[in-house]
*Asks:* 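Okay, handing you the structure first.
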Protein chains: 2
Amino acid sequence: MRFTKATNYALHTMLTLIAASPVTPVGVQQLAESQGVSPTYLSKILTRLVKAGMIESVSGANGGYRLSRKKDDITFLDIIQAIEGTASLFECDFVHGDECLIQDVMKEAEEKMESHLKKTKLADIAQKANVSLR
Amino acid sequence: MRFTKATNYALHTMLTLIAASPVTPVGVQQLAESQGVSPTYLSKILTRLVKAGMIESVSGANGGYRLSRKKDDITFLDIIQAIEGTASLFECDFVHGDECLIQDVMKEAEEKMESHLKKTKLADIAQKANVSLR
DNA sequence: CAATCAAGGACTTATTATATCTATAATATC
DNA sequence: GATATTATAGATATAATAAGTCCTTGATTG
Ligand code: SF4
Ligand code: SF4
């Protein structure tokens with residue numbers, strides 16, 4: 001079990017967008033090039049962020065993507081869940097009674113992780129270091 | 001990103017072994033049947049637990065698997081790492097300087113989860129409820 | 001020795017991740 | 001209004017990993 005590369009791309013793109021102008025959109029071409037990934041693929045990933053309401057897209061010439069929310073509202077968890085989904089990391093087909101002690105432990109562990117990802121805002125690290133890719 | 005089914009099998013098997021006799025081994029046949037998984041596949045999984053030193057195997061007739069450590073030494077994390085490995089959940093090909101703020105956040109989040117899995121012993125829940133499978 | 005059991009290698013199948021390609025729709029600029 | 005630019009979306013392709021099977025070998029019991 002690993003986080004997907006898509007999550008990695010999403011995080012880096014968001015960092016770039018946070019550092020960029022909140023008005024002038026950045027094209028996927030440019031975003032993709034700096035990460036060494038194909039524009040079409042990155043586009044698919046970013047569309048999920050759009051649907052999650054974190055960024056907005058601008059079609060047409062000079063179009064691209066820009067933030068839709070305030071920087072400070074965006075957490076690591078938001079981005080990760082937009083890409084990876086919100087399903088539990090530990091899935092079990094059966095249901096043994098209302099409560100399962102195994103799942104309880106696993107879920108609680110997961111929540112510890114999510115809690116940290118939720119309280120860490122992307123803007124926190126964006127200002128600390130302007131991450132230069134590649 | 002999800003935990004694999006192999007981890008699920010490993011956890012359930014360990015719970016069974018903890019509840020079972022520490023001397024008389026339990027055959028993989030029996031362990032597999034109770035979980036609805038093939039014996040050969042489960043065998044592969046259990047071999048990893050053997051190599052991790054948590055259980056020991058007994059070949060030959062009336063053979064099988066039994067605990068090698070004390071119950072109280074075995075944590076969720078032990079089992080999970082024996083199956084899933086210990087690699088970081090968030091991998092990045094590049095190395096941008098000694099420290100990367102993104103990886104710092106992700107690693108710390110991961111450690112929160114691991115910390116909980118490490119402090120929870122399997123024996124804790126084994127005694128609470130004798131999990132009956134299926 | 002014969003039956004029983006785990007270990008391990010080679011292989012297959014299923015599922016998911018990681019793309020690519022093409023067509024379509026929206027927008028800006030001229 | 002025509003053209004270039006750019007995101008969206010569906011279909012498809014490839015790669016990687018998970019999940020499972022099969023068969024052989026070697027250890028142990030009785
Ligand atoms: S005990 Fe819990 S984790 Fe195990 S099979 Fe039952 S519901 Fe699933
Ligand atoms: S900034 Fe960190 S996570 Fe991003 S590419 Fe560099 S090392 Fe990797």
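Numbered from 1 within each chain, the chains take letters A, B, ... in sequence-line order.
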*Asks:* What is the separation between atom CZ on B:Phe90 and atom P on C:dA17, rounded to the nearest whole Å?
*Replies:* 16 Å
*Asks:* Could you tell me which residues satisfy side-chain contact (heavy atoms from CB on, under 4.5 Å) with B:Pro39, sequence neighbours excluded, listed by chain and number?
*Replies:* B:Val28, B:Gln29, B:Ala32
*Asks:* With A:Gln103, which residues qualify under side-chain contact (heavy atoms from CB on, under 4.5 Å), at least two apart?
*Replies:* A:Phe90, A:Cys92, A:Cys100, A:Lys107
*Asks:* Would you mind listing every side chain to side chain donor-acceptor pair (under 3.5 Å) that reaches into residues 81-92 of chain B, with sequence neighbours excluded?
*Replies:* B:Thr4-B:Glu84, B:Thr7-B:Glu84, B:Ser88-B:Glu110
*Asks:* All N/O contacts under 3.5 Å from nucleotides 13-19 of chain D to the protein, with atom names and distances to one decimal?
*Replies:*
unit_1: D:dA19; atom_1: OP1; unit_2: B:Lys5; atom_2: N; d: 3.2
unit_1: D:dA19; atom_1: OP2; unit_2: B:Lys5; atom_2: N; d: 3.4

*Asks:* Under the side-chain contact (heavy atoms from CB on, under 4.5 Å) rule, what do A:His12 and A:Leu31 come out as? Steps first, then yes or no, please.
*Replies:* CA-CA 9 Å; A:His12 285 83; A:Leu31 292 166; over 6 Å; no
*Asks:* Check the pair B:Ile74 / B:Met14 against side-chain contact (heavy atoms from CB on, under 4.5 Å), numbers first and verdict last.
*Replies:* CA-CA 9 Å; B:Ile74 304 168; B:Met14 287 302 292; 3.7 Å; yes
*Asks:* What pairs with B:Ala10 under side-chain contact (heavy atoms from CB on, under 4.5 Å), at least two apart in sequence or on another chain?
*Replies:* B:Ile45, B:Leu49, B:Ile79, B:Ile83
*Asks:* Which heavy atom in A:Arg2 sits nearest to a heavy atom in B:Met1, and how many Å separate them?
*Replies:* O-CB, 2.9 Å
*Asks:* Quick check: do A:Lys119 and A:Thr75 have side-chain heavy atoms less than 4.5 Å from each other?
*Replies:* no
*Asks:* B:Glu56 CD to D:dA27 C1': how many Å, rounded?
*Replies:* 15 Å
*Asks:* Which residue pairs pass the side chain to side chain donor-acceptor pair (under 3.5 Å) test when at least one of the two sits in residues 43-56 of chain B, sequence neighbours left out?
*Replies:* B:Glu56-B:Arg66
*Asks:* With a 4.5 Å limit on heavy-atom distance, are the side chains of B:Ile80 and B:Glu114 in contact?
*Replies:* no
*Asks:* Atom CD of B:Gln35 to atom C1' of D:dG20: distance rounded to whole Å?
*Replies:* 15 Å
*Asks:* Among residues 75-82 of chain A, which residues get a heavy atom nearer than 4.0 Å to DNA chain C?
*Replies:* none
*Asks:* Dot-bracket, 5' to 3', for DNA chain C please: Watson-Crick or G-U pairs under 3.5 Å, [ ] where pairs cross earlier ones, | where the partner sits on another strand, dots elsewhere.
*Replies:* ||||||||||||||||||||||||||||||
*Asks:* Could you work out, with side-chain contact (heavy atoms from CB on, under 4.5 Å) as the rule, every residue matching A:Ala52, not counting sequence neighbours?
*Replies:* A:Met54, A:Ala82
*Asks:* B:Leu42 has an atom CG; how far is it from atom P of D:dG20, in whole Å?
*Replies:* 11 Å
*Asks:* If you look only at pairs with a residue in residues 15-26 of chain B, which of them pass as a salt bridge (charged side-chain N to carboxylate O under 4.0 Å, His left out), with sequence neighbours excluded?
*Replies:* none
*Asks:* B:Ser68: which residues meet the side chain to side chain donor-acceptor pair (under 3.5 Å) condition with it, sequence neighbours left out?
*Replies:* none
*Asks:* For a quick check, with a 4.0 angstrom heavy-atom cut-off, what is the B/S/- contact string for nucleotides 4-11 of chain C, read 5' to 3'?
*Replies:* BBSSBBB-
